[in-house]
Amino acid sequence: MEPTVKKANYYFPEKEKRKRKSPEWEAFKKNKLGVASLVILIIFCLIAIFAPMLMPYDPLAQDMLNRLAGPSADHWLGVDPNGRDILSRIILGSRTSLIVGFGAVLVSSLIGFGIGMIAGYKGGRLDDIVMRFLDSIMSIPLLLFGVMVVVALNSSMLTLIIAIGIGLVPGCARVARGSTMELKEKEFIKSAISMGASDIRILLTHILPNITGALLVISTLHMTTVIMVEASLSFLGVGIQPPTPTWGNMIQDGFNFVRDQPGIAIYPGIALIIVSVSFNVLGDAIRDAVDPHIKKQRN
Amino acid sequence: MVRKNRVIVVLFLLICSAFIAAGCTNEESATETETDTKATAGGDGEKVLKVGLPSSPGNIDPHFATTHVEYEVVQPIFNGLMRFQPGTASFETIEGDLAESWEVSDDGLAWTFKLRKGVQWQKGYGEFTSADVKYSFERIMDPKVGSSQRTLFKYVKEIETPDDYTVILHLTQPYPSLPVSLVVDGLAAGAIVKKEAIESEGDAVDKLVGTGPFALESYSPGEKAVLTKHEDYFRGEPKLDKIEMTVMRDLTAREVALVNGDIHMTIGDADKLWLERMSKEEDLIIEATGSYNVSYFHMNVNIPPLDDIRVRKAIAHAIDFESYRKSMYDEDIAVPLTSVLSDDAYGHADIGKVEYNPELSKKLLAEAGYPDGIKIPKTLTPNVDAYIRANSFIQEQLRQVGIEVPMEQVDLPTWIPAIYGQKNSVNFQTGVTRVHGIVHLHRVWHSEGNANFTGYSGSDELLERAEAEMEEEKALELYKQAQQEIFDAYVSIPILAGKQINVRRKEVDLGYELKATGIYMAPKYETTDLK
């Protein structure tokens, strides 16, 4: 007689989980303003990536006899004081803004979140020393900090990314520390500790995934700051050096001709406003979607 | 959520209206200031001439001044032994200032000056005498002091003062262009300073005491210099009570301030569009005068690959300066240069022009061993609008033939030491020709010249010979040879000679007819007034 094998009726929760959509994403999708800003930013990213294909003219080529010409069929946004096509320069300028933006945020996130999580998790004297040190960095205005670093070293894109990135570390560290400290008291962390999990394991597999929402929010909001600071530095002449077009130095180029051709300064300004406002709105929307307090209200 | 968005929209609108409101109030307050200024100029209050400086002066000690804004502050405070007749700036119009008369010995080695009597120092330092001249010139000549004008006095061997009102300069060799070293107005050279003041403990206000019509009252570097009238000035009491010089780096800001009457005079922009716009303003007087501002493109012969003349030639032929000149300036504002000297300088000779020929450039580059293009070491450029515009043009033209010139913007006080110290690879630079050809040639292209930006030393011997030549005809011939030699060395490409744009409000009465100025702005004398 053959033994009958009973087929167990197992329940596989993972399979269903994969199908289930994340509630955060669902909440985010309902925020029309947030989705719109995300779309705008994706468009700008695409523009930056495919800039060489989209530019109607060489953004460095100068047509001196045509300088300061207003918008026309040939030059949609007109020509700058050096005879260069403004539209092409705005398109290429989006690259600088976004590269510096993502670069600096990456730098500040990697350093800031790391420090913040360790400080928040370990607590005690280490926490005190590290956070007071970061507070002292935070007391220097970011723009001033950027000017100092760039003047002391030199003004290349890399220096800018590092300078602004480091300037934003304290902000990142604070958020990461706060969220970590809140989470540290939760039972599942305590049980992980009691099971002998190493600190690194706890930080990376238990704490990090649970605070990504908050970190994403601060990073998105920081994008606005970085882009504005980069533009300000370039406007002041200490940022990205000519001939590389950036929105900041384009505004500077047009500044002396505001009374003849206001467009030269205004068009890059508009691009700057769109991108920075979009990042801000996106940051807010993400916060609304992931914030547990708001989540409770929603339910 | 919806409510939150509404809040954002309302906030946005609020901010917009705040800006609009701010804009309106600004306009109102601007008109108020205008009436204020007019009231001041009207006569019952103090007469204060307000000047907008385009960049910040650094060291305003007259023996160290190097930038035109520093010259601007120095000019009304100090006198030299000689000056230009007011409103002029040429070698032929130099007249006595603190010196009443002078004579040169037949061998050209002794210059005897009879000094003016009864000249009073500012701030109660007593009467001016020959000892002050001796002290001032010895201070310039002392290598330990490190004056930027030392080369102007390099042939002075000894200063003799037989009595209080006679000074004899003994030279080591004949130097007929010596008067240029003694003119403060426009050249800021050979200013007579007061020993007791210079050696006193204190700041610039205490140390910088002169004999000129206005005395330094306060000075905050980077912001403002205030001068008050020197009542005992030897040509009579100045008509103005004060001169306020404020640093306003931004051209648009100066322009608005000028139109609104917040400042009375400033440096204009020679740019076509700027002139076109400003000439429509009814309250302003705009005068384009000499001396010419000469623009060059200097290449440092000590920095590879620029030590190779083929590379320098390639660069020179790659830049279309003619189209630059035509697109930026009106024909009567900027003229092409036919030599390294502008045609209003004493001793100018027509040498020729550097032809625009990018194909030749590429060929020369290939010959020099760089068929795939070349990268020149980074160059600093001052963050002055006209410089950035010119440098962007040059950068782009060179890129077309495969020459890359990275550039970094710095402020003027950082740029000045870089070019004077020959640390910059290439420079677009604009300056005033020092009236006298040989003085300018020596200053810029002699290896010991104090404005040698290129490190060029190939014409030292010729320049020295030209300098000492007493006979006019022979001297002119030597100047011509020197210009040819420097031109052929391709160290400094002459770009253009532009007139200076003097712009001031109608109420300013200079007190003389302005034909030319050595510095950028019209000099201020005791006769200058506000109507």
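Not measured: the values here are computed from a predicted model. Residue numbers start from 1 in every chain, and the chains themselves are labelled A, B, ... in the order their sequence lines are given, proteins ahead of strands.
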Exercise for review: Check A:Phe255 against B:Thr252 and note the closest heavy-atom contact, atom names and distance.
Suggested key: O-OG1, 3.4 Å
Check your understanding: Can you name the ring-ring contact (aromatic ring centres under 6.0 Å, His included) partners of A:Phe145, sequence neighbours left out?
Key -> none
Review point. Which pair of heavy atoms, one from B:Gln409 and one from A:Gln241, lies closest together, and at what distance?
Key: N-OE1, 2.6 Å
Point to revise | Taking every non-hydrogen atom, the tightest pair across B:Gln395 and A:Pro242 | key: NE2-O, 3.4 Å
Point to revise | CE (A:Met228) with more than 12 external heavy atoms under 6.0 Å | key: no
Exercise for review: Check each atom of B:Asp320 against the heavy atoms of chain A and say whether the ones under 4.5 Å are side chain, backbone, both or neither.
Suggested key: neither
Practice item. Mind checking the CZ-CG spacing from A:Phe257 to B:Asp271? Nearest 0.5 Å is all I need. Key: 4.5 Å
Review point. At a heavy-atom separation under 4.5 Å, does B:Lys378 approach chain A through its side chain, its backbone, both, or neither?
Key: side chain
Point to revise | Members of residues 213-225 of chain A whose heavy atoms come closer than 4.5 Å to chain B | key: none
Review point. So, for A:Leu236 and B:Asn383, which heavy atoms are closest and what is the spacing to 0.1 Å?
Key: O-ND2, 4.3 Å
Please list, one pair per line, the donor and acceptor atoms closer than 3.5 Å that link side chains of residues 51-61 of chain A to other protein atoms, with sequence neighbours excluded.
residue : atom : partner  : partner atom : Å
A:Tyr57 : OH   : A:Asp74  : O            : 3.2
A:Asp58 : OD1  : A:Leu60  : N            : 2.9
A:Asp58 : OD2  : B:Arg399 : NH2          : 2.8

Exercise for review: Find the one option among A:Val151, A:Leu68, A:Val238 whose heavy-atom pairs under 4.5 Å with chain B are most numerous.
Suggested key: A:Leu68
Review point. Where along residues 82-92 of chain A does a heavy atom come under 4.5 Å of chain B, listed by residue number?
Key: A:Asn82, A:Arg84
Exercise for review: Apply side-chain contact (heavy atoms from CB on, under 4.5 Å) to the pair A:Arg67 and B:Met328, showing each step before the final yes or no.
Suggested key: CA-CA 9 Å; A:Arg67 62 191 283 259; B:Met328 300 287 275; 3.4 Å; yes
Practice item. Give the intermediate values and the outcome of salt bridge (charged side-chain N to carboxylate O under 4.0 Å, His left out) for residues A:Asp80 and B:Arg389. Key: CA-CA 11 Å; A:Asp80 82 350; B:Arg389 236 178 292 153; over 6 Å; no
Check your understanding: Rounded to the nearest 0.5 Å, how far does CG of A:Asp253 lie from OG of B:Ser392?
Key -> 6.5 Å
Exercise for review: Any chance you could measure B:Asp250, atom CG, to A:Gln252, atom CD, to the nearest 0.5 Å?
Suggested key: 7.0 Å
